[in-house]
Protein chains: 2
Amino acid sequence: MLEAGHPCGDCAARCRAICSVLENDELKTFRKSGATMRLAAGETLFYEGDPARSVYSLARGTLRLTKMLPDGRRQIADFLFPGDFLGLTLEEGHSFSAEAVTPVEICRFSSARFEAFAAIHPQLERRLYALAAHELAAARQQVLRLGRKSAAERIASFLLMLAGREQDSGSTTKSNAREVFLPMSRTDIGDYLGLRIETISRELSAMKAQKLIRLASTQRIEILDLERLEDITAGETNVPGCVCA
Amino acid sequence: MLEAGHPCGDCAARCRAICSVLENDELKTFRKSGATMRLAAGETLFYEGDPARSVYSLARGTLRLTKMLPDGRRQIADFLFPGDFLGLTLEEGHSFSAEAVTPVEICRFSSARFEAFAAIHPQLERRLYALAAHELAAARQQVLRLGRKSAAERIASFLLMLAGREQDSGSTTKSNAREVFLPMSRTDIGDYLGLRIETISRELSAMKAQKLIRLASTQRIEILDLERLEDITAGETNVPGCVCA
DNA sequence: CGAGCGATTGATCGCCATCAAAGTGGGTGG
DNA sequence: CCACCCACTTTGATGGCGATCAATCGCTCG
């Protein structure tokens with residue numbers, strides 16, 4: 001438990017973030033080595049290929065990691081939520097761009113200082129590996145979705161994945177997770193699932209017609225029949241849950 | 001440089017493997033904590049869901065990591081080559097199956113002993129993170145291939161990726177890497193690229209007709225026009241090279 | 001109230017899957 | 001050493017899913 005008045009005391013992402021392995025004084029020192037920054041929706045944190053001089057921990061909001069092909073086709077490699085970490089790479093530059101889907105709040109650290117700090121805090125390094133392993137499992141799940149699943153299966157799988165993530169980030173309100181919030185546009189969902197927006201729209205409408213979901217608004221989807229939705233995913237949505245120790 | 005007669009002295013994978021960060025005595029101790037095993041082509045090292053009690057370093061041959069959907073659709077998440085490491089997970093069980101594509105030779109360690117060893121050899125942990133980060137980048141590359149590329153683009157990209165890997169594993173002979181060896185069947189390639197074998201076959205024939213490649217045999221493909229092949233990939237084949245320090 | 005952007009719905013097209021059949025090559029047994 | 005067999009690959013014909021093109025809806029903001 002953090003002492004009263006700790007600068008990280010009110011961080012919503014603290015339980016999931018990389019810094020969850022640090023306590024009071026360590027954490028204060030760590031925080032002082034970095035800075036907090038904000039981005040408006042649509043702004044870019046860094047571009048693919050940019051030299052990787054900083055690492056980041058997302059405190060609030062949603063980010064998307066994107067890769068572009070020269071002709072403009074775009075693939076979203078991942079969406080990041082509070083507590084997620086990004087930016088550490090062994091290559092010269094970043095291998096994707098990072099953009100704000102919603103307004104975001106980010107803790108930023110210089111790579112050099114972060115690495116130095118990690119070197120003397122082995123629990124940070126272990127945590128780092130844990131996060132990387134977790135992301136790797138998620139990326140492979142995504143490979144399965146894109147390689148072998150139909151449009152309906154991808155979308156059902158996506159909805160349930162988001163429902164699961166909302167749950168383990170201990171999101172604000174209802175823990176029954178029947179309601180999924182989609183912070184991103186249909187275009188973003190399409191670029192994540194390898195589908196066109198029209199297909200996303202059509203499939204969601206079809207699911208609505210079958211009373212699997214209810215479209216409370218464009219961004220809020222209520223899951224009406226969890227079981228049948230799970231059947232549609234064709235299994236394997238088990239992106240393992242929270243990495244919280 | 002290892003002393004003469006060292007048990008790992010003749011390991012072809014040594015430069016790339018996890019153990020590359022260990023020297024003489026450390027390496028001897030490490031090796032003694034494990035065992036060497038062999039599998040014939042087609043045999044399974046472990047199944048998805050099996051409890052993860054061991055970790056492995058591939059010394060010779062090719063492995064495939066697969067995920068199955070209940071109805072039999074299969075996705076190959078990755079092919080592993082000499083020097084690749086696998087098995088370390090934070091979940092209870094493995095998140096994919098591992099099968100031998102060719103006869104393989106594997107160094108096996110109990111997870112518990114490996115972790116204990118890593119805890120007192122920080123350079124192993126860093127190496128581990130490096131490998132995970134590298135695999136993550138590769139997995140995201142695969143996400144791009146599957147999400148946004150046409151059949152021809154996927155195949156061209158796959159061929160060039162293999163050509164690149166052969167090169168940095170310092171493979172036996174010719175370093176100009178104009179010849180790519182495909183240890184896996186067309187079915188495996190299809191299950192990796194999210195395509196059917198007929199499509200693989202047709203596209204390779206088309207590339208042959210355009211004199212981009214020559215099919216020396218089913219398993220050996222000679223690249224005749226590297227430049228045009230790179231154009232076809234629609235960019236972004238740059239899976240960063242060898243992780244050798 | 002009107003402008004503009006994102007989402008939805010509709011109609012048609014094209015790529016790759018599917019179904020089907022013929023070709024190829026490696027291994028075994030006679 | 002050869003003939004056969006079987007599994008894998010290649011090639012051909014057809015069909016379906018999701019992309020593309022197009023029009024309308026609906027919300028937000030000026």
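Labels below follow one simple rule: chain letters A, B, ... track the order of the sequence lines, proteins then strands, and each chain is numbered from 1.
- Separating the NZ atom in A/K208 from the CG atom in A/L224 is a distance of 11.5 Å, to the nearest 0.5 Å.
- Distance CG (A/L182) to P (C/dG6): 17 Å, rounded to an integer number of Å.
- Under the 30°/60° scheme for interplanar angles, the aromatic rings of B/F79 and B/F158 are found to be tilted.
- In terms of modelled atom types and a separation under 3.5 Å, the side chain of A/D84 and the main chain of A/F81 share a donor-acceptor contact.
- Atoms CG (A/L215) and P (D/dC25) sit 19 Å apart, rounded to a whole Å.
- The separation between A/Q219 atom CD and C/dT8 atom P is 11 Å, rounded to whole Å.
- Taking atom CD on A/E153 and atom C1' on D/dG18, their separation rounds to 14 Å, with Å as the unit.
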- Message: Using a 4.0 Å heavy-atom cut-off to protein, can you give one letter per nucleotide of nucleotides 9-18 of chain C, 5' to 3': B if the base is in contact, S if only the sugar-phosphate is, - if neither?
- Response: BBB----SSB
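- For the pair B/R16 (side chain) and B/P82 (backbone), a donor-acceptor distance under 3.5 Å is present.
- Across the protein-nucleic acid pair, B/R186 atom CZ and C/dG23 atom P stand 19 Å apart, rounded to whole Å.
- With hydrogens and angles disregarded, a donor-acceptor distance shorter than 3.5 Å links the side chain of A/R154 to the backbone of A/L193.
- An angle of 40°, rounded to 10°, separates the two end axes of the helix from C/dC1-D/dG30 to C/dG30-D/dC1, each defined over five pairs.
- Rounded to the nearest 0.5 angstrom, B/L146 CG and B/Q75 CD are separated by 5.5 Å.
- Rounded to whole Å, the distance from CD1 on B/I155 to P on D/dT9 is 13 Å.
- Residue order along DNA chain D, read from the 5' end via each residue's closest nucleotide, puts B/T187 first among A/T218 and B/T187.
- With hydrogens and angles disregarded, a donor-acceptor distance shorter than 3.5 Å links the side chain of A/R186 to the backbone of A/T218.
- One interatomic measurement links the two molecules: CD1 of B/I189 to P of D/dT9, which rounds to 8 Å at whole-angstrom precision.
- Distance CD1/A/I76 to CG/B/L144: 12.0 Å, rounded to 0.5 Å.
- Evaluation of the salt bridge (Lys or Arg N to Asp or Glu O under 4.0 Å) rule for B/E105 yields B/R38, B/R60 as partners, not counting sequence neighbours.
- In this structure, CD1 of B/I200 is placed 16 Å from P of D/dC8, rounded to the nearest angstrom.
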